[in-house]
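Here the structure is laid out as C-alpha cells; the discussion comes afterwards.
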Amino acid sequence: FTRTKNKKLNQKPPVCFRSKMSLSNRDPLVVGRVVGDVLECFTRSIDLRVTYGQREVTNGLDLRPSQVLNKPRVEIGGEDLRNFYTLVMVDPDVPSPSNPHLREYLHWLVTDIPATTGTNFGNEIVSYESPRPNSGIHRIVLVLFRQLGRQTVYEPGWRQQFNTREFASLYNLGLPVAAVFYNCQRESGCGGRRS
Amino acid sequence: MLSSAKHKINHSAFSVSSSSSSLPHSYSQAKNMTQVTMEEVWKDINLASLHQHRQLNIDHEPVLSNQNPNNSIFKDFLKKPLNQEPQPLPPSSSSSTLHRSLPPPPPETVLSLNPHSINTHFDESARFGCFGMKRGGQESDESRGDRRHKRMIKNRESAARSRARKQAYTNELELAISHLQKENARLKRQEEQLKMAEATQHQTKRKLQRSWTTPF
C-alpha cells in the first residue's frame, strides 16, 4: 500500500501570486487557508491588535469559548484620523470544518473606526456574538478593511452564509489591510489530539 | 508482448473503472489457467464495463472480481452452475498473493485506493465463499464500500486541516520569535546607549553635588 499524495488539487494552500510585498506562502494566513477560504491574497499595511483579556491573539492561537465570551479589545494602526476602517469577524467553519455549508458566520461588524483608535470608537453594526463551536476546530477570522470614507453600511439580514468577499465588494472596501485568526473549539474539546 | 498487453489493459481499465491495479497479475493468472488471447480478455473487459458485468466467463472471473470493488460480480459467480464455483476461491487468494508480491501499481493517482480496497474485498469474498450472503445485503455492500471511501476522504481532509493548523501556528511562532529577537537586540542596544549616557551624566552630577555642599 503506497502512501498516496492528495488527489484533490485544492488540498494545497493557495499560492499568493502577488508582488514580493504581499503575504508570503509561509504566512500563517496562507498556510491556515484563511487566504483562500475567506480572503483574497493581500498585503498587510495597518497594525491590528486583538486582545481578549490579557491574551493577545496571534494567528492560530487556540482559544476556548470561555476565553472569548466578551468582545476583545481591538486597536488599529494607521496615521491619519481621517481614515476610517471596518472590522469584520467571521467563522468560516460553520457548522463544522468538515462540512462548512453555512460558511461564513458573522460574529461582529464594526465600521467607521478612525485610524490609530479601536472598535470602541467605531459603529457597531452587528453586535459581538461569542463563538460557540459545537463540532470540530473552527477558525475565527478578524479582518480589517479601509473605507473610502465614512459610509453607511447596512446590517445583513442574518449572520450565517455571510460572504466577506462579497461584502467588501459591495461597499468598495477593496483588499484587506490586516487580518488575524485564532482557533476555537468547544470547551471540552480534545485539542485535535486523541489518546 | 505480455508487458505491453498488461500496460494496455492497465490504461484502458484506468479510464473505465477505478479498480484496475490488480488486473495485470490477474490477467497473467488467467493466461496461465487457459490459453486465452489478449483480444478476448480485452473485449470481455470492455463488455463487462459497459454492460455492468453481465457477461461472465470462467477465464475472466478473477479479472472481473478484481475490477469490481463491489461483490455483485462474486454473487453472479455464485449463481452460475456449480462446476464453476470452486474456481473463485483459489484465484482470489492466489492473485491476492500475486498482488502483494508485485511492485506497487504505477498509476498513483486515482488507483492508489485500490490496493487497500482490493485487500479488504478479498477478505470479504473469502467470507462470502461460505455462501453466507447470497441474497440480501448487496445494497449494503455497495454502500459500505462507499461509506468507507467517504470516510477515508473525510479523514484525509481532516488530517490535512490538522497539519495546516499545526504548520500555521508554528510559522506564526517563528515569525514572533524573529520579531522579538530583533526587538530584544534593539532594546539592548538602546539600554547600552542609555547606560553610557547616564554614566557620563552621573559623573557630572557628582561634581555638581560637590560644588553645592557647604559646611553650614
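No side-chain heavy atom of A/P28 sits less than 4.5 Å from a side-chain heavy atom of B/Q167.
Nearest heavy atom pair, residue B/A164 against residue A/V31, reads CB-O, 3.4 Å. A/R26 and B/N171 get closest at one heavy-atom pair: O-ND2, 2.6 Å.
Heavy atoms closer than 4.5 Å to chain B are found in both the backbone and the side chain of A/N59. Residue B/L173 does not touch chain A at all, counting heavy-atom pairs closer than 4.5 Å.
Note that the NZ atom of B/K166 and the CZ atom of A/R193 stand 8.5 Å from one another [nearest 0.5 Å]. In this structure, B/Y169 OH and A/N183 CG are separated by 10.0 Å, a value rounded to the nearest 0.5 Å. B/E172 contributes atom CD, which lies 7.5 Å from atom CG of A/D27 (distance to the nearest 0.5 angstrom).
Within a 6.0 Å sphere centred on CG of A/N134, heavy atoms belonging to other residues, nucleotides or ligands number 12 at most. Counting non-hydrogen atoms of neighbouring residues, nucleotides and ligands closer than 6.0 angstrom, the CG atom of A/D47 reaches no more than 12 such neighbours. Under a cut-off of 6.0 angstrom, the local environment of CD in B/E198 is sparse, with at most 12 non-hydrogen atoms contributed by other residues, nucleotides or ligands. Counting non-hydrogen atoms of neighbouring residues, nucleotides and ligands closer than 6.0 angstrom, the CZ atom of B/R186 exceeds 12 such neighbours. Heavy-atom neighbours of A/E187 CD from other residues, nucleotides or ligands within 6.0 Å: above the threshold of 12. For NE2 of A/H101, the number of neighbouring non-hydrogen atoms (other residues, nucleotides, ligands) closer than 6.0 Å is greater than 12.
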